[in-house]
Structure formats: C-alpha cells, structure tokens
Amino acid sequence: MNRPLHPFEQRDDGSAIPEGPGKDVSEVSEERFRGASVRVLPKANQRYAAGRTCSAPGCETKLSVYNKWDYCWQHEPVHSYIPRGKRKRRTAA
C-alpha cells in the first residue's frame, strides 16, 4: 500500500526519509534554536472612565478612555513640552 508522502517525510530530491528512532532532545545542538528570550509584558496603558465628554461649554465631543484630560483636543489648554528619550551628547567645538 503506497500512499503519497507528506512534505515532511521526503527529502528535497523527493526520496523518502527512512523511518527510525527519532533524535533524542539532548542530541540536538542548541545552536539550531534561535530566538529572543522571554520578556515581561509591558505595563498596560492607563484607562479612564468611559462615556466622558469635553468639559468646554457647548462641546459634546466624547473623550477617549485613554485621554486623561477633561477637554477634547480643540479645547485643551496648551501644556508645557516635556522632552522624552535619550539626551544628545554635547559635542566639543
């Protein structure tokens, strides 16, 4: 009874891979397995109450659950800029 071979059961030239005892896990070289180490998941974004609306009089814009301010983008007062990330090194002149 000859059945067609699955791609994992044949070599690149189409010949069958002989069946036999499989390799023991301890025999497999660790160099073959590559990937990133398991890391802790990042902290979830903070969420605020759902269903909030802009506090400006007459504005009915619904605010996102991720918007921590009480106003929509149009009515929010200007905030001071806080730079984030690496500071560039001063270069000698």
Side-chain angles (χ1 to χ4, degrees):
M1 178 174 173
N2 291 336
R3 62 177 176 80
L5 294 175
H6 188 274
F8 292 129
E9 298 175 321
Q10 58 186 337
R11 294 189 174 117
D12 290 338
D13 63 0
S15 62
I17 296 174
E19 289 187 29
K23 281 190 175 181
D24 187 17
V25 176
S26 61
E27 295 175 17
V28 177
S29 172
E30 289 184 23
E31 295 177 39
R32 288 184 59 181
F33 299 104
R34 296 177 187 222
S37 61
V38 177
R39 295 193 175 110
V40 178
L41 291 175
K43 189 174 88 171
N45 293 334
Q46 187 170 355
R47 296 177 67 144
Y48 300 90
R52 299 179 302 138
T53 57
C54 179
S55 296
C59 183
E60 297 178 8
T61 303
K62 288 190 177 185
L63 300 177
S64 167
V65 294
Y66 301 107
N67 181 357
K68 68 179 178 179
W69 310 113
D70 294 327
Y71 296 97
C72 65
W73 68 272
Q74 270 184 315
H75 298 112
E76 184 64 36
V78 177
H79 296 279
S80 59
Y81 175 71
I82 301 171
R84 308 241 186 242
K86 280 189 170 181
R87 290 185 179 181
K88 290 186 179 179
R89 191 192 272 191
R90 280 190 173 177
T91 56

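Taking CZ of Arg39 as the reference point, atom CG of Leu41 lies at 11.5 Å (rounded to 0.5 Å). Atom SG of residue Cys72 and atom CZ of residue Arg52 lie 11.5 Å apart, to the nearest 0.5 angstrom. In this structure, the separation between CG on Asn67 and CH2 on Trp73 is 13.0 Å, given to the nearest 0.5 Å. Between His75 atom NE2 and Cys59 atom SG the span is 4.5 Å, to the nearest 0.5 Å.
Looking at every heavy atom in both residues, Leu63 comes nearest to Thr53 through CD1-O, 3.8 Å.
With Ser55 contributing its side chain and Asp70 its backbone, the two residues share a donor-acceptor pair below 3.5 Å.
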Let me see the working for Tyr66 and Gln46 under side-chain contact (heavy atoms from CB on, under 4.5 Å), right down to the final yes or no.
CA-CA 7 Å; Tyr66 301 107; Gln46 187 170 355; over 6 Å; no
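Annotation for Glu60: atom CD does not count as buried by contact number, only 12 or fewer foreign heavy atoms lying within 6.0 Å.
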